[in-house]
Amino acid sequence: MSKTIPIWTSVLNRAIKDFRDSNGCPLEWDCSLHLPLWVSQTERASIERRLDEWTLLLKASGADIASLAACLRKPLRPLWISQKTVIWLNEVPHHESWDFTPIILLSASSSSSVVGASQHRTTSEFSWNYIPGAGDDEESWARGLTPAFFWKHVYDLINSAPEVCNQKVADIVEKSRVSRAYRGESAPQITVKPLKSASLSLHEEPSVACDFSNIKIDSESSEDFGISWLGSTNLAVGTAQAAADAADVDCILNCDQESISVCLPSAESYLHLPMVTSKFDRFSLLNNLPKAVSFAKFNLSLGKRLLVCCNNGEDISVCVCLAILMSLFDEKGMFDGGKSFSAAQVTKWDMRRRLVFVCKFATDARPSRGNLRQVFNFLIGGKFNHPLDTGRDE
């Protein structure tokens, strides 16, 4: 939050300004680098020297800058808030009067030292102590709360006192789980690990047992994000839950750990390759990609519409689609059965550009670094195992 996001905002602002200038719509647009006070001037100067280079890379990546330029009325600018921040609500001007679009960077890290914690050492009076990486894995602290649930219940959660917040989250998550179970959808029980922090040990872990006798079941709604077709490639990515009822699909590649019941023309139109993320198995994706690409090649060559699904439609299925696009499609997104791939030397830049293409359509995509690394290793390091280099479909 101290450097990466400020770099993103500055680079995006520069790309938007360049786009508007080149289309005859010049305007005043703040493209300067806004860093927090604890970043040194030497580091600031080092970052500023590379901003033009990063802006050119963004433009060359194929990112949809035009859409961002059309919807963003003011330049992006980061603001930092921590537990130590004091805000007088009656003195905050209305956001319409601001000359920028704020990106609020919220740190839950303690502003005082935490005994026994590995802390970031700083001599600046403006910074705070934090535990590196503590907020990265939301499954370890979010208690089943998703971004969608949070924004749906945001005021209710914010208005909850700290001692009842965990119980409020447990109620929201469990009610949703029961609702999904009533509709016959996958609804596993959420397991919450007890927090070991000394500051939290005074409170008992909240129970997830609640009275759900008055829940109103909406048989039409669902929390899944559905299916995203990747342009005109006949390739789609989505959740396993959505795949079970998918229409307009000729074949399904299921990467979830659980098999699903599908209605397809033949048994050969469905392939179940259970995979797990790199946190649990560093080679799960890599070991299954040859069969996945072979299945895709066979069906796409017949003009069939292929859906690749996983548990959340955000990580593993996105990575599998990325491998399929890199292996079987040319630079213009046309299926060629692997001719372009066989003649090319795949680089990380190539993979990054293709991932940008996927994210244009699958807007909820967030592939993990470990899984992307497996895709890259499949495409280059283990080419002798690639189905397109064996002379036959495996």
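Between W98 atom CH2 and L79 atom CG the span is 6.0 Å, to the nearest 0.5 Å. Atom OG of S269 sits about 12.5 Å away from atom CG of L307, to the nearest 0.5 Å. Rounded to the nearest 0.5 angstrom, S327 OG and K297 NZ are separated by 10.0 Å. Between the CG atom in L328 and the CG atom in L306 there is a gap of 10.0 Å [rounded to 0.5 Å]. How far CH2 of W80 is from CG of L106: 13.5 Å, rounded to the nearest 0.5 Å. Rounding to the nearest 0.5 Å places CH2 of W151 at 11.0 Å from CG of L157.
Looking at heavy atoms from C-beta onward, P78 lies out of side-chain contact with W8 at the 4.5 angstrom threshold. Side-chain contact between W349 and L57 is present, with heavy atoms from C-beta onward closer than 4.5 Å. Looking only at side-chain heavy atoms (C-beta outward), R143 and V173 stay at 4.5 Å or farther from each other. Using a 4.5 Å heavy-atom cutoff, the side chains of N13 and D30 are not in contact. Taking the side chain as every heavy atom from C-beta outward, S340 and F329 never approach each other to under 4.5 Å. Looking at heavy atoms from C-beta onward, I324 lies in side-chain contact with L300 at the 4.5 angstrom threshold. Within the 4.5 Å cutoff, the side chain of W229 has heavy atoms near those of the V249 side chain. Side chains of C319 and L372 form a contact here, defined as non-hydrogen atoms less than 4.5 Å apart.
Within the structure, the salt bridge (Lys or Arg N to Asp or Glu O under 4.0 Å) test picks out no pair touching residues 249-260 (sequence neighbours left out). Applying the side chain to side chain donor-acceptor pair (under 3.5 Å) rule to pairs touching residues 61-70 yields D64-S67, sequence neighbours excluded. Residue pairs meeting the ring-ring contact (aromatic ring centres under 6.0 Å, His included) criterion with at least one member in residues 353-372, sequence neighbours excluded, are F357-F361. Residues in residues 366-377 take part in these salt bridge (Lys or Arg N to Asp or Glu O under 4.0 Å) pairs, two or more places apart or across chains: E138-R366, E314-R366. Applying the salt bridge (Lys or Arg N to Asp or Glu O under 4.0 Å) test to residues at least two apart or on different chains, the pairs with a partner in residues 343-359 are E331-R353, E331-R354.
Between the side chain of T9 and the backbone N or O of R77, no donor-acceptor pair lies under 3.5 Å. The backbone N or O of F19 sits less than 3.5 Å from a side-chain atom of S22, completing a donor-acceptor pair. A donor-acceptor pair is defined here as one N or O able to donate and one able to accept, closer than 3.5 Å; no such pair exists between the side chain of S46 and the backbone of T42. A side-chain donor-acceptor contact under 3.5 Å links S284 to the backbone of V276. Using a distance-only test at 3.5 Å, with no hydrogens or angles considered, a donor-acceptor pair links the side chain of R305 to the main chain of D248. Judged by distance alone, with hydrogens and angles left aside, the side-chain atoms of S10 form no donor-acceptor pair with the main-chain N or O of P6 at under 3.5 Å. Looking at K360, its side chain does come within 3.5 Å of a backbone N or O of G62 through a donor-acceptor pair. For the pair Y270 (side chain) and S261 (backbone), a donor-acceptor distance under 3.5 Å is absent.
Of the N and O atoms on the side chains of Q374 and N371, at least one donor lies less than 3.5 Å from an acceptor on the other residue.
Listed here is the closest heavy atom pair of A362 and V237: CB-CG1, 3.6 Å. Annotation for C309 and I260: closest pair SG-CD1, 4.5 Å, computed over non-hydrogen atoms. Between S2 and V39 the shortest heavy-atom distance is O-CG2, 4.1 Å.
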Side chain to side chain contact (heavy atoms under 4.5 Å, CB included) evaluation trace for L273 with N254: CA-CA 6 Å; L273 293 176; N254 179 17; over 6 Å; no

Residues I252, L271; criterion side chain to side chain contact (heavy atoms under 4.5 Å, CB included); working and verdict: CA-CA 6 Å; I252 293 176; L271 177 62; over 6 Å; no

Side chain to side chain contact (heavy atoms under 4.5 Å, CB included) between V320 and L253, intermediate numbers included: CA-CA 9 Å; V320 172; L253 171 56; 3.8 Å; yes

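Taking D336 as the reference, nothing meets the salt bridge (charged side-chain N to carboxylate O under 4.0 Å, His left out) condition, with sequence neighbours excluded.
Between K74 and D99, none of the side-chain N atoms (NZ, or NE/NH1/NH2) sits under 4.0 Å from a carboxylate O, so this pair counts as no salt bridge. Electrostatic pairing of E96 and R73 counts as a salt bridge here, judged by a charged N lying under 4.0 Å from a carboxylate O.
W54 does not carry R14 over the face of its six-membered ring by the limits of under 6.0 Å from the centre and within 45° of the normal.
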